[in-house]
Amino acid sequence: MSNRQIILVELPKEKLAPTHFRLVEGAVPEPGEGEVLLRVRLISLDAANRAWMQGATYRSAIEAGSVMAGGAIAEVVTSRAPQFAAGDIVFADTGWQDYAVLPSKALSKVPRVEPLTHLLSVYGIAGLTAYFGLLRIGRPQAGETVVVSAAAGSVGSFVGQIGKIKGCRVIGIAGGAAKCDWLVRELGFDAAVDYKAGSVFASLKTAAPNGIDIYFDNVGGDILEACLPMMRIKGRIVCCGAVSAYDRAAPASGPRGIPGLIVVKRLLMQGFIVTDFFSERPEAVAELQRWVEKGQLKIKEDVIEGLENTPSALIGLLAGENLGKRMVRVSQ
Ligand SMILES: NC(=O)c1ccc[n+]([C@@H]2O[C@H](COP(=O)([O-])OP(=O)(O)OC[C@H]3O[C@@H](n4cnc5c(N)ncnc54)[C@H](OP(=O)(O)O)[C@@H]3O)[C@@H](O)[C@H]2O)c1
C-alpha cells in the first residue's frame, strides 16, 4: 500500500499551471497516540484553494514544497483516538493525497449520507455558505431583487435557488451563454447576465430595471463595480469572495464608488466566513434537506475522477470549466 501525494512545488507568480504541482509516492503514514489514519474519498475543489497561495487568509498561507492543502471527505482506517472508529466518515483538511494522519481535534464527524458527494455540495461548505450568507447577511424579503455572481458555480447556484425559495426575483451573473441558459431553464433564475458578452452594467439595467436589493458577491472587481451603482437604498452587499482576484500576482485596485455610493445609498456591505455561523449548522442542514426533498433545491455536482487530475481540475475551476460543485473522487 502506498500513498500518492500532490506537492505544490512552487508558488505561482501569475496564473496557476500544472508545472506548479508534482505527484510523488511514499509510504502510508502511521497514526500516533490521539491521531487517526484517514483514507481520502472526495477532495473539495474551491476557488479559495488558489487564494491560499497568495498569503494568509482565514488560514495560514500554503508553503511551497508541502502537500497541497484542501478539505476532503475521508474515511477512518485506523483510530488511536477514542472519539473515532474505523469506518467513520469525517470532513478534514487532509490535503491532496490518498491517506493522511491527523490529530482527532482536526476532524469533524459527518453522517454517512448517500451519495457522499452531497457532503461537499449542498450539505457542505458550498450549501452552508450560500444559506448563511444570503439569509443572515442579505436577509431577503419576498419581492426583492437578488443578484449573484459566479452564479453557476457551487455557492452561487445555491444562493440563487434559496433566493427563489424566499420569493425574490433572482438574477445570476455567469460566464457564457450555456451557463446563463442553464441558470434560467434548469434552476429557475428569472434572468442571467453573461459577463463575457458585453457591459454587465447595461445588461443589469435591463434585467433589474428597479435596481438591486441584495448583491451576493463571489467575484469582486469589475462586476462588483458594475453592481454598486445599481443598488437600491438600504441594499445589502454580501461579500463572500473575490475569485476575479485570486489567479493573479496581486489583487487589483478596488472598485470605484466606495465609500461614496455606500454612504449615499445607506448600503450594508458585510464580509463573512461560513464557519462564523457553525453553531447553527444542524438547523441549516435540516432546512436544506427539506428543500432538497421537496424538489425546491437542485444539486449540481461536477465530479472529476482520480487524484492525479486534481491540479488540472482546480486550474479548470478558476477558468470557469465547472457547473455546480466541483470535486475529485480519490477512492470509492
Ligand atoms: N466566505 C466564505 O466562507 C466562503 C466559503 C466558500 C466559498 N467562498 C467564495 O465563494 C466564491 C465561489 O467559490 P466556489 O469555490 O464555490 O467556486 P465556484 O463558484 O464553483 O467556481 C468558481 C467560478 O468563478 C467564476 N470566475 C472565475 N474567474 C472569474 C472572474 N474573473 N470573474 C467572474 N467570475 C469568475 C467561474 O465561473 P464563470 O464561468 O461564471 O466565470 C468559476 O466557475 C469564491 O469567491 C470563494 O472564495 C466563500
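Whatever order the structure lists ligands and atoms in, that order sets their numbers, starting from 1. Source: prediction; values computed, not measured.
- Within 4.0 Å of ligand 1, the residues that place a heavy atom are Asp46, Ala47, Ile125, Thr129, Ala150, Gly153, Ser154, Val155, Ala174, Gly175, Lys179, Tyr195, Asn218, Val219, Ile223, Cys240, Gly241, Ala242, Val243, Ser244, Tyr246, Phe272, Ile273, Val274, Leu317, Leu318, Gly320, Asn322, Gly324, listed by chain and number.
- Applying the side chain to side chain contact (heavy atoms under 4.5 Å, CB included) criterion to Asp181, with sequence neighbours excluded, gives Arg185.
- Looking at every heavy atom in both residues, Glu35 comes nearest to Val101 through OE1-CG1, 3.3 Å.
- Scanning for side-chain hydrogen bond (donor to acceptor under 3.5 Å, both in side chains) contacts around Ser331 gives Arg39, with sequence neighbours left out.
- The shortest distance between side-chain heavy atoms of Leu107 and Phe91 does not fall below 4.5 Å.
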query = Could you go step by step and tell me if Arg139 and Asp213 meet the salt bridge (charged side-chain N to carboxylate O under 4.0 Å, His left out) rule?
reply = CA-CA 10 Å; Arg139 298 203 205 96; Asp213 295 289; over 6 Å; no
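- Applying the salt bridge (charged side-chain N to carboxylate O under 4.0 Å, His left out) rule to Asp93 yields the partners Arg59; only residues at least two apart in sequence or on another chain are considered.
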